[in-house]
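So the structure is just underneath, and the comments pick up after that.
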Amino acid sequence: MPEGQFKDGIAGGRLAADQYAENFSDLHPPLDHHEALVESDRCYFCYDAPCMNACPTSIDIPLFIRQISTGNPIGSAKTIFDQNILGGMCARVCPTETLCEEVCVREVAEGKPVQIGRLQRYATDVAMAEHKQFYPRAESTGKSVAVVGAGPAGLAAAHRLARHGHDVTILEARPKAGGLNEYGIAAYKSIDNFAQAEVDYVTGIGGIDIHNGKALGRDYQLSDLILNYDAVFLGIGLGGVNALRADGEEAGGVVNAVEFIAELRQASDLSSLPIGRRVVVIGGGMTAIDAAVQSKLLGAEEVTICYRRGQQHMNASEFEQDLAAANGVTIRHWLQPKRVIAEAGIVSGIELEYTAMNGDRLAGTGETLTLTADQVFKAIGQSFVPAALNGSGASIDLEAGRIKVDAEGRTSLANVWAGGDCIFGGDDLTVSAVAQGRDAAESINRALAGGSWNA
């Protein structure tokens, strides 16, 4: 164990140089050709397959697995991309254990599902490595569409619109396209700059221009887009981070988990990233798990996740919780933050209150616990920031703090659609955002073709 491991406070270089590469290697290494054939042979190719019904993008899973089993990975990739053009990333980051694999007949019967996610990755990786583009762009329609946000929803919408021959301009606030695929997932789930390779693959169809560093509400207004484009798709995600609502949370060392993950994803030298010796993560979802596990992998000695409810209430899947435990992360339940303890403005600990259900309401018990901490990560959810929509010239309807849309993704504004995390009713999954972007694009195409606009 290198000397750096024992540095007090928040510091980098806690591990030997080669340990970082090992720690952040591929979580699920790709299947080789033989392994893919063996695994595909386990599929029963069910008629009315429950796995297909569980997929938000409705990929024909039995068909693509059968195509792998018959030695046709390129055909398999096309089956996947027909429904999900970001199938490569979804194969890496989808919680398949709670979607397609959870309902796999072999999971129900034997407790060991077909590895659908890894098979999907195998097929899509083959197609992308061979630069196989399946969809020629239709003849130009002369119609233009602005897509705000280059995340999963925006990219899926842009690709489908380009297939129909429309000219697409993507406006992205960050320096790189990809959204959460580039900035918001654990580094060990997507290695070798795959997010950017996928952006290049998606835009390879042609007719899609991406302008980075262009933020809605700062560099342009929604009203500008409505005036200058035939249609607009909003895939602007969630820009806010929920507060702890604990005294002293402004102390140094209290960090938004999403910012930590983004910084880690963009780091060229992981040893330069500072991490505390003792880290506490507040939250119970995927972001909390990702922040906690990566803290451990960066050399933190003690990492504790504190969640206000019970294990069965956590949004993180059982697999993700087990992954955290396997990496030495302690998960404590029925605890909510009460006070951040600071010395000279820097966090030194956190006081938490035990919780319990009082009827159907969560309530503090008055009993407290104090944990020593150099660093506290806030991973208690993100919120939509509607301020960027100001200046639209007309109000856009919100519901429960997010953009209200109909079944086709239409907003209350004429010629404006939306999808992904920014809309009401989403489940904050990459695969769902892809489906919403794809379906909204089809609605836009119908409107552009027939002139039937939403009012």
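All residue numbers refer to positions in the sequence shown, counting from 1.
With 3.5 Å as the limit, one finds no donor-acceptor pair spanning the side chains of D209 and T169. Under 3.5 Å, the side chains of E182 and Q266 contain a donor-acceptor pair of N or O atoms. Between the side chains of E408 and S443, at least one donor-acceptor pair of N or O atoms lies under 3.5 Å. Side-chain polar atoms of E351 and T370 form no donor-acceptor pair below 3.5 angstrom.
Between T411 and I396, the closest side-chain pair of non-hydrogen atoms falls below 4.5 Å. Residues D167 and K143 fail the side-chain proximity criterion, which asks for heavy atoms closer than 4.5 Å. Between L429 and C94, the closest side-chain pair of non-hydrogen atoms is not below 4.5 Å. Between L297 and F24 the shortest side-chain heavy-atom distance falls below 4.5 Å. By the 4.5 Å heavy-atom criterion applied to side chains, N228 and Y220 are not counted as neighbours. Under the 4.5 Å side-chain criterion, counting only non-hydrogen atoms from C-beta, L362 is in contact with R309. In this structure, the side chains of S412 and K404 stay at 4.5 Å or more apart for every pair of heavy atoms. A 4.5 Å side-chain heavy-atom check between L171 and V147 finds every atom pair outside the cut-off.
Side-chain atoms of R402 never come within 3.5 Å of backbone atoms of L398 as a donor-acceptor pair (strictly under, hydrogens ignored). Checking side-chain atoms of D60 against main-chain N and O of L63 turns up a donor-acceptor pair under 3.5 Å. Counting only distance, with no hydrogens or angles, the side chain of E172 and the backbone of A150 share a donor-acceptor pair below 3.5 Å. Q382 places no side-chain N or O within 3.5 Å of a backbone atom of N242 that could act as its donor or acceptor partner. Judged by distance alone, the side chain of T355 and the main-chain N or O of R308 form a donor-acceptor pair under 3.5 Å. A donor-acceptor pair under 3.5 Å links the side-chain atoms of T79 to the main chain of G75, judged by distance alone. Checked by atom type and distance alone, the side chain of D406 pairs as donor or acceptor with a backbone atom of G409 at under 3.5 Å. A donor-acceptor pair under 3.5 Å links the side-chain atoms of N84 to the main chain of L86, judged by distance alone. Remark: side-chain polar atoms of T98 are not paired, donor with acceptor, to backbone N or O of S317 under 3.5 angstrom.
Contact record, D374 with I10: O-CD1, 3.4 Å, taken as the closest heavy-atom pair. Residue A123 comes nearest to A77 through the heavy atom pair O-CB, 3.5 Å, listed as atom of the first residue, atom of the second, then distance. Of all heavy-atom pairs spanning I275 and S295, the tightest one is CD1-OG, 3.6 Å. Taking every heavy atom of both residues into account, G142 and D230 meet most closely at O-OD2, 4.3 Å. Scanning both residues, P175 and Y183, for their nearest heavy atoms gives CD-OH, 3.5 Å. In this structure, A300 and G276 approach most closely via the heavy-atom pair CB-O, 3.3 Å.
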Q) Where do H28 and F319 land on the ring pair (Phe, Tyr, Trp, His ring centres under 6.0 Å) test, with the steps shown first? A) CA-CA 13 Å; H28 298 297; F319 170 81; 5.6 Å; yes

Q.
Go through it in stages, so that I can follow the logic: the residues are R339 and E249, the test is salt bridge (charged side-chain N to carboxylate O under 4.0 Å, His left out), and I'd like the CA-CA distance, side-chain angles, deciding distance and then a yes or no.
A. CA-CA 7 Å; R339 180 172 64 99; E249 68 175 285; over 6 Å; no

Q: Just do the side chain to side chain contact (heavy atoms under 4.5 Å, CB included) check on V241 and S383 with the steps written out, would you?
A: CA-CA 6 Å; V241 177; S383 58; over 6 Å; no

Q) Checking side chain to side chain contact (heavy atoms under 4.5 Å, CB included) for the pair S190/N181: CA distance, chi angles, key distance, verdict? A) CA-CA 8 Å; S190 175; N181 289 351; over 6 Å; no

Q: Check the pair K78 / I74 against side chain to side chain contact (heavy atoms under 4.5 Å, CB included), numbers first and verdict last.
A: CA-CA 6 Å; K78 183 178 185 302; I74 294 297; over 6 Å; no

**Q.** D26/R121 under salt bridge (charged side-chain N to carboxylate O under 4.0 Å, His left out): CA gap, chis, key distance, verdict
**A.** CA-CA 13 Å; D26 212 333; R121 174 176 174 176; 2.8 Å; yes

Q: Go through the steps for F81 and Y201 under the test ring pair (Phe, Tyr, Trp, His ring centres under 6.0 Å), then give the verdict.
A: CA-CA 11 Å; F81 288 141; Y201 182 77; 5.3 Å; yes

Q: For side chain to side chain contact (heavy atoms under 4.5 Å, CB included), just list the numbers for I170 and L155, CA-CA rounded to whole Å, side-chain angles, deciding distance to a tenth of an Å, and then say yes or no.
A: CA-CA 8 Å; I170 301 179; L155 290 171; 4.1 Å; yes

(Q) Evaluate E320 against K189 for salt bridge (charged side-chain N to carboxylate O under 4.0 Å, His left out), listing each step before the verdict. (A) CA-CA 12 Å; E320 293 287 338; K189 293 179 180 178; 3.2 Å; yes

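Atom-to-atom distance recorded for I350:CD1 and T368:OG1 is 12.0 Å, nearest 0.5 angstrom. Annotation: the span from Q294 atom CD to L273 atom CG amounts to 9.5 Å, rounded to 0.5 Å. Atoms CD1 and CZ, on I261 and R265 in that order, are 10.0 Å from each other to the nearest 0.5 Å. In this structure, L264 CG and I185 CD1 are separated by 11.5 Å, a value rounded to the nearest 0.5 Å. Considering CG of L413 and CG of D397, their distance stands at 8.0 Å, rounded to 0.5 Å. One distance of note links CG of D421 with CD of Q436; it measures 8.0 Å at 0.5 Å rounding.
Between H159 and Y135, the angle of the ring planes goes over 60°, which puts this pair in the perpendicular group of the 30/60° scheme.
More than 12 heavy atoms of other shown residues, nucleotides or ligands fall within 6.0 angstrom of atom CD in Q312. Counting non-hydrogen atoms of other residues, nucleotides and ligands closer than 6.0 Å to CZ of R245 gives a total of 12 or fewer. The environment of Q133 atom CD is dense: over 12 non-hydrogen atoms of other residues, nucleotides or ligands sit within 6.0 angstrom. Atom NZ of K132 has 12 or fewer heavy atoms from other residues, nucleotides or ligands within 6.0 Å.
With respect to the salt-bridge test (charged N to carboxylate O, under 4.0 angstrom), the residues E442 and R160 qualify. Ion pairing between R163 and D82 fails under the 4.0 Å rule for side-chain N and carboxylate O.
Geometrically, R332 does not engage Y307 in a cation-pi contact defined by less than 6.0 Å to the ring centre and at most 45° from the axis. Geometrically, R66 engages F45 in a cation-pi contact, judged by NZ or CZ lying under 6.0 Å from the ring centre and within 45° of the ring axis.
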